[in-house]
Amino acid sequence: MTTRTTIFALSSAPGRAAVAVFRVSGPDAGGVLDALVSPRPKPRTAAFRRVRAPGETEPFDEALVLWLPGPKTETGEDMAELQLHGGRAVAEAATSALIAAGAVPARPGAFARRAFEAGKLDLTQAEAIADLVDAETEGQRRQAMRQMQGGLGATYDRWRAALLDVIARVEVVIDFPDEGDVADAAGRGLATETVALLDRLAAEMDAHVADARRGERVRDGFQVAILGAPNVGKSSLLNRLARRDAAIVADAPGTTRDVIEVHLGLAGQLVVLADTAGLAEAGRSPGDAIEAEGVRRALARAETADLRLGVVDAGRPETASALAGRLRGGDLVLINKTDSAAPAAAESMIHKQAQGFHVEPPIEVLAGSAATGAGLESLEAALAARVAALAGTAEAPPLTRARHRLAVERAREALARARPRLGDAAELAAEDLRLAARALGEITGRVDVEEILDRVFAGFCIGK
Ligand code: GDP
């Protein structure tokens with residue numbers, strides 16, 4: 001391994017601000033600090049200092065300075081922090097001065113990576129820091145905070161430790177194949193205790209991945225698709241809910257050919273609301289190829305969404321037929337344009353759509369007007385209640401990234417392969433169990449996985 005560099009970064013947001021925080025980490029952090037300020041402050045005590053470039057007499061700014069000798073620091077290395085004034089010229093002067101003092105600009109995620117390498121964090125905790133910084137909603141913040149405290153990583157580590165234990169037992173059988181008594185006794189032990197342990201682990205993994213992707217939804221947003229016949233007011237509704245003109249509202253049917261998304265905060269969660277192209281009513285086919293493509297995308301989006309919001313025109317009850325067979329239990333329907341027509345006829349049409357509406361939990365039908373805003377508060381409340389139900393209140397920390405899910409699934413598959421082999425193909429079973437343990441280790445970073453580290457930390461911003 002090459003000798004470690006001493007890195008620095010502007011850790012606060014760039015641009016004008018009251019304060020700009022520069023952090024320095026590495027074996028020469030103390031030397032770098034000495035080149036800029038004098039004397040070096042007492043460890044872990046904030047001190048006011050004039051800051052100058054190496055060899056210069058005139059200071060370029062004044063700062064609150066911290067000297068944090070390792071290993072009890074975030075990165076485990078010696079660290080220094082300069083709280084300068086938050087101007088662009090100050091930041092540039094500080095950058096030049098730090099480089100002149102021998103520090104190198106940090107790459108994205110470099111501080112978190114050093115913390116991981118020093119064993120201060122596991123990978124799920126490092127990812128949680130990135131999520132916490134990116135969190136826009138209360139739900140995202142809470143989830144990231146829990147993960148940062150280590151709950152998720154602890155689950156994977158516990159599973160991995162249990163697997164290593166099983167592997168050790170299986171290897172007893174492999175290592176003493178000729179000593180009949182030992183092998184038989186161990187074999188019998190395997191057939192009961194170990195199998196039971198593996199089955200328990202498998203069940204826990206199944207429950208962990210069968211979480212309706214809650215954690216990923218909280219992190220990435222709950223997908224809600226608005227769908228319905230052309231001109232029922234889908235775009236108007238999206239704009240109302242988003243409180244801005246995100247979608248084009250027009251009298252001509254078929255205006256929204258692609259999918260338009262807005263981000264909303266509902267029930268403390270991020271909701272990605274998508275407006276889609278109008279779906280043809282029963283007995284009508286889309287006008288042209290472009291419209292047909294729009295419909296195809298609308299249906300694909302509706303299919304993968306967490307929740308569908310069907311829209312029907314109160315004045316054209318037949319528009320309910322466009323929703324037939326496309327809604328699922330728990331979805332919502334808005335009978336729109338109640339300012340110009342009574343909802344009763346549309347409502348009875350909706351209930352006549354036998355296919356797709358007789359589902360559990362039932363589909364909730366509300367009435368309102370995207371034009372006047374009437375009834376939309378109830379719609380928002382209903383949406384929020386559905387999102388809150390989808391987000392759930394999981395006791396165990398949920399997996400939050402596809403990376404975790406894929407690894408748990410790989411581990412689970414390896415367990416399934418290993419189980420029938422325990423009896424007469426112990427060596428193969430042990431190999432599968434090792435693969436399973438490795439997959440779990442990749443999630444927390446307990447194995448040497450350079451390519452995974454690069455991927456995880458590349459998503460960070462500089463200075464973290
Ligand atoms: P989309 O094709 O389903 O997206 O429908 P738009 O949102 O583009 O609306 C189609 C037409 O219906 C436009 O002229 C809107 O102004 C009108 N519209 C939408 N919502 C309402 C409503 O609640 N009441 C009335 N009277 N007109 C509406």
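Just the heavy atoms: all of them, side chains too, but no hydrogens, waters or symmetry mates, feed the values below. Position 1 is the first residue of the sequence; numbering continues from there. Counting starts at 1 for both ligands and their atoms, following the listed order.
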Quiz item: Under 3.5 Å, N or O to N or O, is Gly368 touching ligand 1 that way?
Solution: no
Quiz item: If you count the atoms of ligand 1 from 1 in the order shown, which ones are under 4.0 Å from a heavy atom of Ser236?
Solution: 6 (P), 7 (O), 9 (O), 15 (C), 19 (C), 20 (N)
Quiz item: Taking heavy atoms and a distance under 4.0 Å, where does Asp339 meet ligand 1: side chain, backbone, both or neither?
Solution: side chain
Exercise. Run the numbers for me: atoms of ligand 1, each under 4.0 Å from some heavy atom of Ser369, listed by number.
Key: 22 (C), 23 (O), 24 (N)
Quiz item: Quick one: does Glu442's side chain have a donor or acceptor within less than 3.5 Å of a partner on Ala439's backbone?
Solution: no
Practice problem: Report yes if some N/O of Ala371 lies less than 3.5 Å from some N/O of ligand 1; otherwise report no. | Solution: yes
Quiz item: For Ser235 and ligand 1, does the shortest N/O to N/O distance drop below 3.5 Å?
Solution: yes
Quiz item: Any chance the side chains of Thr319 and Asp313 put a donor and an acceptor closer than 3.5 Å?
Solution: no
Exercise. Answer yes or no on whether Arg23 is positioned over the face of Phe8, meaning its NZ or CZ is under 6.0 Å from the six-membered ring centre and within 45° of the axis.
Key: no
Self-check item: Side-chain donor/acceptor of Arg240 to backbone N/O of Ala370, under 3.5 Å
Solution: yes
Quiz item: Can you find an N or O of Val232 that's nearer than 3.5 Å to an N or O of ligand 1?
Solution: yes
Quiz item: Looking only at N/O atoms, are Asp275 and ligand 1 under 3.5 Å apart anywhere?
Solution: no
Quiz item: Would Ser25 and Glu77 count as having a side-chain donor-acceptor pair, cut-off 3.5 Å?
Solution: yes
Quiz item: With distance as the sole test, does Asp131 use its side chain to make a donor-acceptor pair with the main-chain N or O of Arg141 at under 3.5 Å?
Solution: no
Quiz item: In ligand 1, which numbered atoms sit nearer than 4.0 Å to a non-hydrogen atom of Lys234?
Solution: 1 (P), 2 (O), 3 (O), 4 (O), 5 (O), 7 (O)
Quiz item: Are there more than 12 heavy atoms of other residues, nucleotides or ligands under 6.0 Å from atom CZ of Arg88?
Solution: no
Self-check item: Region of Asn231 engaging ligand 1 - heavy atom pairs below 4.0 Å
Solution: both
